[in-house]
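Notes to accompany the following structure.
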Amino acid sequence: RSQVLCQTVAHISNSGDKMKVGALCKVRTHESPNGSQFGHFVVVIRKLSSNDRVWSARNLNTGNVHQYYIEELREVKKCP
(Lines give C-alpha, C1' and ligand atoms only; values in the text may rest on other atoms or scores of the structure.)
Protein backbone atom coordinates (compact mmCIF):
# COMPACT_ATOMS: atom_id res chain seq x y z
CA ARG A 1 0.00 0.00 0.00
CA SER A 2 1.15 3.48 -0.79
CA GLN A 3 -0.08 4.90 2.50
CA VAL A 4 1.84 3.85 5.59
CA LEU A 5 0.67 4.57 9.12
CA CYS A 6 3.29 5.81 11.53
CA GLN A 7 2.70 3.17 14.20
CA THR A 8 5.32 4.47 16.60
CA VAL A 9 3.95 8.01 16.73
CA ALA A 10 0.31 7.73 15.70
CA HIS A 11 -2.17 6.87 18.38
CA ILE A 12 -5.82 5.97 18.39
CA SER A 13 -8.12 8.31 20.24
CA ASN A 14 -11.29 7.49 22.10
CA SER A 15 -11.20 10.64 24.18
CA GLY A 16 -14.63 11.83 23.08
CA ASP A 17 -13.34 14.17 20.39
CA LYS A 18 -16.03 15.09 17.88
CA MET A 19 -16.02 12.87 14.81
CA LYS A 20 -15.39 14.66 11.51
CA VAL A 21 -16.09 13.77 7.90
CA GLY A 22 -12.87 12.47 6.34
CA ALA A 23 -11.52 11.06 9.61
CA LEU A 24 -9.54 7.82 9.39
CA CYS A 25 -10.79 5.37 12.00
CA LYS A 26 -10.24 1.80 13.09
CA VAL A 27 -13.20 -0.48 13.85
CA ARG A 28 -13.00 -1.60 17.46
CA THR A 29 -15.93 -4.02 17.72
CA HIS A 30 -16.28 -7.64 16.68
CA GLU A 31 -20.06 -7.39 16.39
CA SER A 32 -21.56 -6.62 12.99
CA PRO A 33 -24.58 -7.88 11.07
CA ASN A 34 -22.33 -8.37 8.01
CA GLY A 35 -19.50 -10.22 9.74
CA SER A 36 -16.71 -8.88 11.92
CA GLN A 37 -14.86 -5.80 10.72
CA PHE A 38 -12.67 -5.64 13.81
CA GLY A 39 -9.36 -3.95 13.05
CA HIS A 40 -10.44 -2.66 9.63
CA PHE A 41 -9.73 0.95 8.69
CA VAL A 42 -12.62 3.16 7.59
CA VAL A 43 -13.00 6.74 6.36
CA VAL A 44 -15.98 8.66 7.72
CA ILE A 45 -18.31 9.88 4.96
CA ARG A 46 -21.24 11.54 6.72
CA LYS A 47 -23.26 11.86 9.91
CA LEU A 48 -26.54 9.92 9.86
CA SER A 49 -28.10 11.04 13.15
CA SER A 50 -28.73 14.41 14.71
CA ASN A 51 -27.06 13.36 17.98
CA ASP A 52 -23.70 12.47 16.30
CA ARG A 53 -24.10 8.80 17.29
CA VAL A 54 -24.50 7.06 13.90
CA TRP A 55 -22.08 7.63 11.01
CA SER A 56 -21.59 6.30 7.49
CA ALA A 57 -18.05 5.24 6.59
CA ARG A 58 -16.24 3.45 3.76
CA ASN A 59 -14.37 0.34 4.85
CA LEU A 60 -10.92 0.49 3.21
CA ASN A 61 -10.47 -3.28 3.46
CA THR A 62 -13.69 -4.17 1.62
CA GLY A 63 -14.50 -0.95 -0.27
CA ASN A 64 -18.08 -1.09 1.04
CA VAL A 65 -19.98 1.64 2.87
CA HIS A 66 -21.39 0.71 6.28
CA GLN A 67 -23.16 2.42 9.16
CA TYR A 68 -21.33 2.59 12.49
CA TYR A 69 -22.16 3.76 15.98
CA ILE A 70 -19.58 6.23 17.25
CA GLU A 71 -18.66 3.75 20.01
CA GLU A 72 -17.54 1.23 17.36
CA LEU A 73 -14.87 3.54 15.90
CA ARG A 74 -11.59 4.96 17.16
CA GLU A 75 -9.99 7.80 15.26
CA VAL A 76 -6.39 7.28 14.12
CA LYS A 77 -4.44 10.45 14.85
CA LYS A 78 -1.86 11.76 12.36
CA CYS A 79 1.87 11.52 12.90
CA PRO A 80 3.42 14.85 13.88
Side-chain angles (χ1 to χ4, degrees):
R1 293 186 180 185
S2 60
Q3 184 180 18
V4 177
L5 294 176
C6 181
Q7 302 240 344
T8 57
V9 181
H11 67 282
I12 299 175
S13 171
N14 64 347
S15 62
D17 297 337
K18 286 217 167 209
M19 186 64 65
K20 295 180 181 134
V21 171
L24 175 65
C25 298
K26 192 169 189 178
V27 179
R28 63 185 222 164
T29 183
H30 290 280
E31 301 172 15
S32 172
N34 300 320
S36 178
Q37 298 178 39
F38 178 76
H40 289 194
F41 288 99
V42 299
V43 175
V44 175
I45 297 173
R46 70 175 185 266
K47 179 172 67 169
L48 297 176
S49 66
S50 59
N51 63 0
D52 291 351
R53 189 153 181 254
V54 182
W55 291 80
S56 177
R58 180 168 304 276
N59 184 313
L60 299 179
N61 294 68
T62 66
N64 297 326
V65 175
H66 299 279
Q67 295 176 359
Y68 299 92
Y69 288 105
I70 192 76
E71 301 86 21
E72 298 175 324
L73 302 175
R74 296 177 85 183
E75 185 174 0
V76 177
K77 298 293 184 176
K78 295 178 184 175
C79 301

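Nothing here was measured: the structure is a model prediction, and the numbers come from that model. Throughout, residue positions are numbered sequentially from 1 according to the sequence presented.
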ask   = Yes or no on side chain to side chain contact (heavy atoms under 4.5 Å, CB included) for Val27 and Leu73, after CA distance, side-chain angles and deciding distance?
value = CA-CA 5 Å; Val27 179; Leu73 302 175; 4.1 Å; yes

Compile the donor-acceptor pairs under 3.5 Å between side chains in residues 48-58 and protein atoms, sequence neighbours left out, one pair per line.
from  : atom 1 : to    : atom 2 : distance (Å)
Ser49 : OG     : Asn51 : OD1    : 2.8
Ser49 : OG     : Arg53 : N      : 3.1
Ser49 : OG     : Val54 : N      : 3.0
Asn51 : OD1    : Arg53 : N      : 3.1
Asp52 : OD1    : Lys47 : NZ     : 3.1
Asp52 : OD2    : Lys18 : NZ     : 3.3
Arg53 : NE     : Glu71 : OE2    : 3.1
Trp55 : NE1    : Asp52 : O      : 2.9
Arg58 : NH1    : Gly63 : O      : 2.5

query = Taking C-beta and beyond as the side chain, do Arg28 and Lys26 meet within less than 4.5 Å on heavy atoms?
reply = no

task = Find the distance between CD (Gln67) and CD1 (Ile45) and round it off to the nearest 0.5 Å.
result = 10.5 Å

message = Please enumerate all residues that pass side chain to side chain contact (heavy atoms under 4.5 Å, CB included) together with Thr62, with sequence neighbours excluded.
response = His40, Asn59, Asn64, His66

request  = May I ask you to list the residues sharing a hydrophobic cluster with Phe38, side-chain cutoff 4.5 Å, ordered by chain and number?
outcome  = none

key: ring pair (Phe, Tyr, Trp, His ring centres under 6.0 Å) against Tyr69, all qualifying residues, sequence neighbours excluded   = none

inquiry  = To check you understand the geometry: which heavy-atom pair defines the closest contact between Met19 and Val44, and what is its length?
reply    = SD-CG2, 3.6 Å

